[in-house]
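To start, the structure itself, in structure tokens.
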Amino acid sequence: MLTCKSFHSCIASKERLLMDYKETLLLPQTDFPMRGNLPQNEPLRYAKWFSKEESAYAKMIQNRENAPKTFILHDGPPYANGHIHIGHALNKILKDVIVKTHYFFGEKVRYVPGWDCHGLPIEQQVEKNLGKEKKDALPKSKIRELCREHARKFIDIQREEFKSLGVIGDWENPYMTMKFKFEADIYRALCGVADKGLLVERSKPVYWSWAARSALAEAEVEYEDKEDYSIFVAFALGDEAKSRLEITGDASVIIWTTTPWTLPANVGISFSPDENYVLTSDGYIVAEPLHVKLLEQGVIAGEVVKTFKASVLENSFAINPLNDRSSQLILGNHVTMDGGSGCVHTAPGHGDDDYKVGLRYGLEVVMPVDERGCYDETVVHLGLLPNPESFVGEHIFKCNERILELLGDRLLKCSKFTHSYPFCWRTHQPVIYRATKQWFVAMDEAVGGRESLRKMAMDELQKVRFYPKSGINRLGSMIENRPDWCISRQRDWGVPIAFFRDKRTGKPIFDAKVVEHIASIFEEKGADAWWDLEIAELLVEDSGYNPENLEKVMDILDVWFDSGSTWKAVLQSNDYDAGEYPASMYLEGSDQHRGWFQSSLLVSTANNGIAPYAKILTHGFTVDEKGEKMSKSKGNVVAPSDVAKQYGVEILRLWVGTSEYTTDLKISDNILKQISEQYRKIRNTFRFLLANVNDLETVMPIAQMGELDKWILKHAKAVFDEAQGYFREYEFSKGFALLNHFIAVELSGIYLDISKDRLYCNAKHDSLRLSAQSAMALIAEKLMALMAPTLTYTIDEMMEYAPSILKKESVFDVVYSVLPTIESSFDEAYMVEAREKFFEIVDNLKKEKVIKSTLELVLQTKSSKISALEKVDAEDWFTVSKVIEHDEAGEMGVFEVAGDSFKILKASKCKCPRCWKYRSKSEEELCHRCNEALHG
RNA sequence: UGUCUCGUAGUUUAAUAGGUUAAAACGGACCCCUUAUAAGGGUUUAAUUUGGGUUCAAUCCCCGGCGGGACGACCA
């Protein structure tokens with residue numbers, strides 16, 4: 001009983017003793033919470049940033065009013081339809097990080113977000129809600145009003161979603177391509193193109209639903225099985241062609257088609273430039289690889305008498321057996337050997353490939369079909385069929401049989417087969433390709449003393465900086481190879497190609513006075529006015545034109561032209577506080593090489609001869625952990641709101657910051673967990689820094705600091721300088737890799753650990769303690785500024801709890817400044833190696849239960865590197881109780897660094913109850929240092 | 001099929017201009033501490049997609065394969 005009692009009292013008194021001394025230590029102190037509770041807390045802070053009273057964006061503008069440099073990020077507009085997905089989140093967060101990077105490096109910044117509002121998907125949504133019949137019955141302006149409402153609704157939704165990601169910008173006054181003034185500016189950009197002589201009209205085939213009497217988008221086409229003819233037709237060679245082949249008798253090219261009704265519009269026959277062609281003994285020309293197959297099918301019967309490349313026939317002629325018109329023999333890469341005869345019936349009015357190859361050879365676009373799908377007067381004018389009058393008004397599908405009859409013995413084989421064919425999604429009738437008049441921006445026209453648009457755009461690209469560099473190849477090859485830009489659409493929801501046409505001549509009117517008057521009407525009433533007002537009302541006074549002779553062009557613009565005009569409507573218009581034209585940077589997903597980057601370049605260059613951007617930055621797409629595309633059916637979709645709810649927006653932002661965004665970005669639960677770990681490490685390291693400098697009043701000059709503190713600052717400077725360089729080049733993952741490494745290895749792993757003794761146990765105003773605190777304050781300050789662009793929320797939260805030495809009103813008052821150059825003779829490589837070797841042995845000692853703490857050890861060495869250090873610095877470096885030069889007994893391990901030997905010994909003194917170093921005379925007595933600290 | 005692009009430990013990223021034994025973090029395994037404690041520290045595990053070529057030397061440059069992605073729309 002007695003022993004038991006004394007045992008308890010002994011423990012109690014020992015605990016009291018420990019507790020008492022713990023009170024005397026200067027332990028880290030802060031209210032900055034270890035855990036962020038991000039999902040709960042972020043929305044509150046964001047609400048403040050986006051409030052009128054404390055607007056973060058307003059503050060950012062105000063704080064940099066007199067900044068010497070300016071950075072303008074011009075926002076590429078997302079489409080105002082649907083909720084945002086992870087790709088949007090990546091895009092907007094990256095923009096936000098880049099804008100803030102420039103901001104925290106001291107520059108003036110502008111970021112005005114915007115939305116793309118016009119276009120088919122919204123129109124389709126409205127039609128779906130309305131029903132097709134109802135839509136057709138409504139006036140255009142009513143439909144447009146419904147589209148406008150739809151867009152507005154999703155702009156509001158997306159705006160809140162973007163703000164919930166902590167993305168800062170001018171959300172109070174964003175741009176929208178459907179605003180009246182904006183529509184007017186898009187139209188003005190179009191007039192600029194016309195004014196330069198680059199706007200031309202030409203026929204081009206489009207999907208046409210004769211049943212709905214409307215052009216269709218690819219999305220409006222459904223594929224169904226359809227039974228069609230499969231026919232082989234012989235076109236006799238002209239004399240020129242025959243002489244090129246050095247033949248005397250008759251010879252014919254065999255074509256294959258499934259649409260006999262397009263034969264009247266035939267103007268050419270395409271051959272493959274690569275394959276061999278053969279002439280058979282029965283006088284037919286087919287591709288060599290198909291010869292046997294055609295024999296088997298009974299299309300031809302003769303053996304090969306001659307083999308040749310089709311290039312010998314290029315630009316000679318065959319004769320269309322239907323109408324005796326010439327059919328030009330040409331070469332085209334679209335010709336394949338997987339069916340038919342290898343000689344392709346070419347009617348540019350009825351096929352896309354045909355149209356493209358026809359452009360190259362300057363073939364005539366013959367298109368004798370009206371909007372109902374019936375032959376029109378063209379068959380008469382051009383004599384496309386025998387007895388043409390009898391075909392006028394007849395539906396094309398009903399004429400197939402008559403045409404087959406007319407072909408007579410030129411029809412070598414006729415059968416029927418079923419294949420997949422495009423159908424109209426509304427009427428479920430088969431669609432056709434039908435050339436209609438379209439508007440184009442000419443790429444190769446050199447008019448008015450200017451180079452062609454293609455050449456100018458290519459030249460401008462050379463001046464643009466691309467991130468990554470490979471972007472220029474992509475955009476460049478697209479500009480180089482793209483055909484003329486077809487900008488007209490037969491739709492309702494868009495900006496009209498608002499030109500008058502003289503009915504008598506068919507010529508459009510581009511007079512400056514006329515078009516500017518229309519633009520000013522749009523500015524006031526919106527582009528709806530084009531549909532709502534009469535020609536006389538739209539025509540400027542004393543225009544010199546008689547409204548009676550005019551008609552309106554009723555096409556609308558390709559929405560790419562809308563977004564291609566944002567540089568004008570946003571940057572040049574003065575309607576927004578958006579910065580200057582050209583912008584510092586355009587930033588979008590890599591799909592925009594063909595989209596916005598290109599359309600903006602073309603519209604801007606056509607108008608003003610310059611690119612609208614100085615830099616282009618592109619990012620990849622988000623994929624799942626296996627690198628596969630996200631899709632609802634795969635169930636691997638990661639929604640930004642879910643990440644925000646489960647992990648917090650900061651985690652999503654850190655994911656952006658640490659990912660290599662030029663390629664595809666992987667995201668998954670597993671990856672987010674990993675990022676969360678990194679965040680935790682960053683947050684806790686900051687917390688420890690704040691807690692340790694909490695009572696620091698002034699920062700000590702670096703020159704007066706202790707050796708260990710100078711070492712970490714010198715190392716920090718190298719890391720921060722390099723990270724800054726990476727951030728300026730937008731290589732965030734590299735910058736973060738450096739910072740994370742520094743935080744984990746040198747800072748938290750070594751420096752903070754070895755500084756604890758000085759910070760906790762030395763007297764409050766002891767210079768070694770102040771020195772360590774000063775180093776920590778400097779590191780915290782720089783680190784906060786470097787991370788502020790990405791972890792804006794966290795740094796802002798930190799500012800609330802920061803001790804006075806680091807405190808700012810908010811994160812937005814932070815500006816990064818570099819650390820000065822620091823002199824230090826500390827041999828880092830040597831010391832780190834020594835530490836590693838030391839801990840390797842220590843680990844074994846611990847596993848063998850020989851020691852529990854390194855403070856139980858003394859290190860013996862004659863190393864000159866160690867003796868050059870202050871004793872206490874050397875002790876702290878290894879976290880041992882003493883470093884000595886003279887040999888002592890009790891060796892527990894040895895190691896060597898660069899020829900210097902180190903010996904690990906057991907400490908002989910007693911554990912100081914306050915600082916736990918083994919330097920006391922007895923377990924109850926304080927060591928010398930602690931005694932001084934408490935009573936000195 | 002064409003144009004462009006990417007491929008490094010299980011995961012996310014490093015490796016100055018082609019140059020020692022390819023680095024770190026997270027994860028895993030093992031251990032210590034309880035004075036950053038829903039923390040901290042240590043030891044350890046593991047990789048250049050594949051086959052050729054150029055070179056004294058290749059993760060890096062060239063060619064071919066395999067695998068991923070973007071673009072080739074009256075889709076944004």
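Throughout, protein chains are lettered first and strands after them, A, B, ... in sequence-line order, and every chain is numbered starting at 1. Not measured: the values here are computed from a predicted model.
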Is it the case that A/Thr24 and A/Arg914 place a side-chain donor and acceptor less than 3.5 Å from each other? yes
On RNA chain B, compare the nucleotides closest to A/Leu27 and A/Val623; which residue's is nearer the 5' end? A/Leu27
Using purine N1 to pyrimidine N3 plus N6-O4 or O6-N4 for Watson-Crick, or N1-O2 and O6-N3 for G-U wobble, both under 3.5 Å, which nucleotide pairs with B/C66? B/G7
Separation of the P atoms in B/A23 and B/G64, to the nearest angstrom: 32 Å
Between the protein and nucleotides 10-14 of chain B, list the N/O to N/O atom pairs that are separated by less than 3.5 angstrom.
from	atom 1	to	atom 2	distance (Å)
B/U11	O2'	A/Gln674	OE1	3.1
B/U11	O2	A/Gln674	OE1	3.1
B/U11	O2	A/Gln674	NE2	2.7
B/U13	OP1	A/Glu660	N	2.8
B/U13	O5'	A/Thr658	O	3.4
B/U13	O3'	A/Ser733	OG	3.2
B/A14	OP1	A/Ser733	OG	2.9

Is it true that A/Phe423 and A/Tyr223 have ring centroids separated by less than 6.0 Å? no
A/Met798 side chain near A/Leu690 side chain, heavy-atom distance below 4.5 Å: yes
Would you list the pairs meeting ring pair (Phe, Tyr, Trp, His ring centres under 6.0 Å) in which at least one residue belongs to residues 478-497 of chain A, sequence neighbours left out? A/His118-A/Trp493, A/Trp485-A/Phe561
Would you measure the distance from the C1' atom in B/U16 across to the matching atom in B/G7 and give it in whole Å? 23 Å
Distance-only donor-acceptor hits, side chain of residues 742-750 of chain A, under 3.5 Å, sequence neighbours excluded:
from	atom 1	to	atom 2	distance (Å)
A/Ser748	OG	A/Lys681	NZ	3.0

Pairwise C1' distance, B/U44 and B/U5 [rounded to whole Å]: 38 Å
I want to confirm an ordering. Mapping A/His118 and A/Cys761 to their closest nucleotides on RNA chain B, which one lands closer to the 5' end? A/Cys761
Table of protein N/O atoms under 3.5 Å from nucleotides 16-19 of chain B N/O atoms:
none

Is it the case that A/Lys92 places NZ or CZ above or below the six-membered ring of A/Phe162, under 6.0 angstrom from the centre and within 45 degrees of the axis? yes
Base, sugar-phosphate alone, or nothing: which one does A/Trp560 contact when heavy atoms must sit under 4.0 Å apart? base
Consider the side chain of A/Tyr760, meaning its heavy atoms from C-beta on, and name the nucleotide among B/A73, B/C26, B/A36 that approaches it most closely. B/A36
Tell me whether the guanidinium CZ or amine NZ of A/Arg202 lies under 6.0 angstrom from the six-membered ring centre of A/Phe440 and within 45° of its axis. yes
Could you work out the separation of B/C61 and B/G19 based on their C1' atoms and round it to a whole Å? 15 Å
Closer than 4.0 Å, any side-chain N/O of A/Asn844 to the OP1 or OP2 of B/U43? no
Heavy atoms only, 4.0 Å cut-off, all strands: where does A/Gln438 land among base, sugar-phosphate and nothing? base
Protein and nucleotides 60-62 of chain B: nitrogen or oxygen contacts under 3.5 angstrom:
none

Would you mind telling me which of B/A70, B/A36, B/U35 lies closest to the side-chain atoms of A/Pro28? B/A36
For nucleotides 39-42 of chain B, give me every protein contact, N/O to N/O, under 3.5 Å, one pair per line with atom names.
from	atom 1	to	atom 2	distance (Å)
B/A39	OP1	A/Arg35	NH2	3.0
B/A39	OP1	A/Arg680	NH1	3.4
B/G40	OP2	A/Arg680	NH1	3.4
B/G40	O2'	A/Asp753	OD1	3.4
B/G41	OP1	A/Lys681	NZ	3.3
B/G41	OP1	A/Ser748	O	3.4
B/G41	OP1	A/Ser748	OG	2.9
B/G41	OP2	A/Lys681	NZ	3.3
B/G42	O2'	A/Phe839	O	3.4
B/G42	N2	A/Asp843	OD1	3.2
B/G42	N3	A/Asp843	OD1	3.3

Looking across every strand, which nucleic acid part, if any, lies under 4.0 Å from A/Thr663 by heavy atom: base, sugar-phosphate, or nothing? sugar-phosphate
